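Values in this document were obtained by computation on a predicted structure and should not be read as measured data.
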Amino acid sequence: MFSLSYPKKRAQRLRSCKWSRDLFAETCISPKNLIQPFFITEGNNIKNAIDTMPSIYRYSVDNLIREVEKAIESGIKAILLFPQIISDKKSSNASEACNINNLICRAIREIKKHNFDIGIMADVALDPYTLDGHDGITDSNGKILNDATLDILCKQSISLAESGCDVIAPSEMMDGRVGRIRDSLEQGGFYNTKIISYSAKYASNFYGPFRDAVGSKNFLKNSSKDTYQMDFRNAREAIYEVGLDISEGADAIIIKPAMLYLDVISLVKKEFNIPIIAYQVSGEYSMLKIAGEKGIFDTDSAFIESLISFKRAGACSIITYAAIEMAKKLAFYR
Ligand code: PBG
């Protein structure tokens, strides 16, 4: 194949001017590929800084609307909402998760009133609602109760769908959840509610700032999620997890974290014909932001390089806390 050798072939020829680098670029990215997560909190006119996530805030529902408008103006097609639940409403059976008047359901209904052209996604997991910060309910020894959790996840999904949520994103890694949630949605008449499952979600160190943001960190203490989230030594196991979720009714899947898991994205892409979303998680975001603030590199260029790497590996879209900021800076990469 490579019969041409130097100097007949010079790899630098096509790189030598900007127009030819652009003409032959294999990967492009547009604001349409980005999903912006938002943290929401109770109250009015609130915009709370999150210590471990520079430039990211928790918004009260009234202030969130303006931020959603900014996302739309920048060409973003979907948002992902996470509630910070006050301690009084947390419980061992996470009942607040199913309350149709809980914070996230109210936020969804409020956004929907505006008839915006943007998809609303919400996590299905119990960690904002449980007393121990776990994604499912636990027994007295702290062991996850998979099957009992499924019933709650189905109710949580129906409350979200009833409030107008477009995409249910199961993120708690319980076995059998996608199938059960799909059945519940069908029974409830929510035929077009999409399930985008976090199929390959690793027990990662990089969720730290997120747990700060939603306030589950102090509840979780030093307990790990190793018994239900994936072991980061495994890549091929992701194929199995994704296969299960597809067969249970997932419309697209999420791989998370993203930067350290490009091999997983590429492996899944080779195996399945289903849209893949890469989730650049809170720890990845803060690492890039804080390193940029220290002058270690140019923050924007480093973010763009990371986003391109997800697409290069095979992701079609990316969840990133820098979505709105980066959407404005992608002109050269569309
Ligand atoms: C909850 C959930 C987590 C994240 C998204 N949904 C944290 C966790 O599993 O502990 C992490 C997102 C991020 O770090 O940005 N199940």
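- Cation-pi geometry between Lys201 and Tyr207 is met: under 6.0 angstrom from the ring centre, within 45 degrees of the axis.
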- Item | Steps toward side chain to side chain contact (heavy atoms under 4.5 Å, CB included) verdict (Met259, Leu288) | CA-CA 11 Å; Met259 275 160 70; Leu288 292 176; 4.2 Å; yes

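- No more than 12 heavy atoms of other residues, nucleotides or ligands sit less than 6.0 Å from atom NZ of Lys8.
- No more than 12 heavy-atom neighbours from other residues, nucleotides or ligands sit within 6.0 angstrom of NZ on Lys32.
- Side-chain atoms of Asn93 come within 3.5 Å of backbone N or O of Ser95 as a donor-acceptor pair.
- Side-chain atoms of Ser74 come within 3.5 Å of backbone N or O of Lys70 as a donor-acceptor pair.
- Under the side-chain contact (heavy atoms from CB on, under 4.5 Å) criterion, Ile158 pairs with Glu162, Ser184, Leu185, Phe190, not counting sequence neighbours.
- A donor-acceptor pair under 3.5 Å is absent between the side-chain atoms of Arg177 and the main chain of Leu150, judged by distance alone.
- Partners of Arg10 under the side-chain contact (heavy atoms from CB on, under 4.5 Å) rule, at least two apart in sequence or in another chain, are Tyr6, Pro7, Arg13.
- In this structure, Ile246 and Phe272 have side chains that are in contact, with non-hydrogen atoms separated by less than 4.5 Å.
- Within 6.0 Å of CD on Glu305 lie no more than 12 heavy atoms contributed by other residues, nucleotides or ligands.
- Between His114 and Phe116, the ring-plane angle classifies as parallel under the 30° and 60° cut-offs.
- Here the side chains of Ile168 and Lys194 are not in contact, with every heavy-atom distance at 4.5 Å or above.
- In the hydrophobic clustering of ILVMFWY residues, with side-chain heavy atoms under 4.5 Å counting as a link, Phe297 and Leu330 come out together.
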- Task: Could you check Cys165 against Thr193 for side chain to side chain contact (heavy atoms under 4.5 Å, CB included), going step by step and ending with a plain yes or no?
- Result: CA-CA 8 Å; Cys165 186; Thr193 302; 6.0 Å; no

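- Enclosure of atom OH in Tyr240 is not indicated, since only 12 or fewer non-hydrogen atoms of other residues, nucleotides or ligands lie within 6.0 angstrom.
- If you look at Tyr261 and Tyr202, their ring centroids are closer than 6.0 Å.
- Atom CG of Asn192 has 12 or fewer heavy atoms from other residues, nucleotides or ligands within 6.0 Å.
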In a table with atom names and distances, give each donor-acceptor pair under 3.5 Å that connects a side chain of residues 313-323 to protein atoms at least two apart or in another chain.
residue: Thr320; atom: OG1; partner: Gln280; partner atom: OE1; Å: 2.8
residue: Thr320; atom: OG1; partner: Ala322; partner atom: N; Å: 3.1
residue: Tyr321; atom: OH; partner: Tyr279; partner atom: OH; Å: 2.8

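- Counting heavy atoms from C-beta on, the side chains of Phe82 and Ile40 never come closer than 4.5 Å.
- In this structure, Ser309 and Leu262 have side chains that are in contact, with non-hydrogen atoms separated by less than 4.5 Å.
- With hydrogens and angles ignored, the 3.5 Å screen pairs a side-chain donor or acceptor of Asp62 with a backbone N or O of Asn45.
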- Message: Please evaluate residues Gln36 and Leu80 with respect to the criterion side chain to side chain contact (heavy atoms under 4.5 Å, CB included), reporting the C-alpha separation (whole Å), side-chain torsions for both, the decisive distance (0.1 Å), and the verdict.
- Response: CA-CA 6 Å; Gln36 175 73 52; Leu80 173 58; over 6 Å; no

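- Both the sub-6.0 Å distance and the 45° axial angle are not jointly satisfied by Lys47 relative to the ring of Tyr59.
- Linking ILVMFWY side-chain heavy atoms closer than 4.5 Å, directly or via other members, places Ile79 and Ile72 in a single hydrophobic cluster.
- Residues Phe38 and Tyr57 place their aromatic rings such that the two centres sit no closer than 6.0 Å.
- You'll find the side chain of Leu64 reaches within 4.5 Å of the side chain of Leu81, heavy atoms only.
- Of the possible donor and acceptor atoms, none in the side chain of Lys90 sits under 3.5 Å from a partner among the backbone N and O of Tyr129.
- In this structure a side-chain-to-backbone donor-acceptor pair under 3.5 Å is missing from Ser60 to Glu42.
- Of the inter-residue distances, the one linking Ser30 atom OG with Lys77 atom NZ reads 8.5 Å to the nearest 0.5 angstrom.
- You'll find the side chain of Ser282 reaches within 4.5 Å of the side chain of Met53, heavy atoms only.
- In the hydrophobic cluster analysis, where Ile, Leu, Val, Met, Phe, Trp and Tyr join through side-chain heavy atoms closer than 4.5 angstrom, Phe219 is grouped apart from Ile104.
- Counting only distance, with no hydrogens or angles, the side chain of Asp135 and the backbone of Leu126 share no donor-acceptor pair below 3.5 Å.
- Judged purely by atom type and a 3.5 angstrom limit, Asn102 uses its side chain to pair as donor or acceptor with the backbone of Asn99.
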- Item | Working for salt bridge (charged side-chain N to carboxylate O under 4.0 Å, His left out), residues Asp151 and Lys155 | CA-CA 7 Å; Asp151 295 332; Lys155 288 187 193 132; over 6 Å; no

- Message: Pair Thr41, Gln84 - check side-chain hydrogen bond (donor to acceptor under 3.5 Å, both in side chains), show working.
- Response: CA-CA 5 Å; Thr41 194; Gln84 182 194 35; 2.8 Å; yes

- Item | Working for side chain to side chain contact (heavy atoms under 4.5 Å, CB included), residues Arg109 and Ile100 | CA-CA 10 Å; Arg109 287 196 295 271; Ile100 188 91; 3.7 Å; yes

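- A donor-acceptor pair is defined here as one N or O able to donate and one able to accept, closer than 3.5 Å; such a pair exists between the side chain of Asp298 and the backbone of Ser301.
- Residues Arg182 and Glu248 are not in side-chain contact: their nearest non-hydrogen atoms beyond the backbone lie 4.5 Å or more apart.
- Under a hydrophobic clustering in which Ile, Leu, Val, Met, Phe, Trp and Tyr are joined whenever their side-chain heavy atoms come within less than 4.5 Å, directly or via other members, Leu244 and Met230 fall into different clusters.
- Between Ile118 and Asp166 there is no side-chain heavy-atom pair separated by less than 4.5 Å.
- The 12-atom threshold is not exceeded at CG of Asp117, counting heavy atoms of other residues, nucleotides or ligands nearer than 6.0 Å.
- In this structure, Leu220 is not a member of the same hydrophobic cluster as Tyr198, with clusters built from ILVMFWY side-chain heavy atoms closer than 4.5 Å.
- Under the 3.5 Å distance criterion, the side-chain polar atoms of Ser171 are left unmatched by any main-chain donor or acceptor of Ala125.
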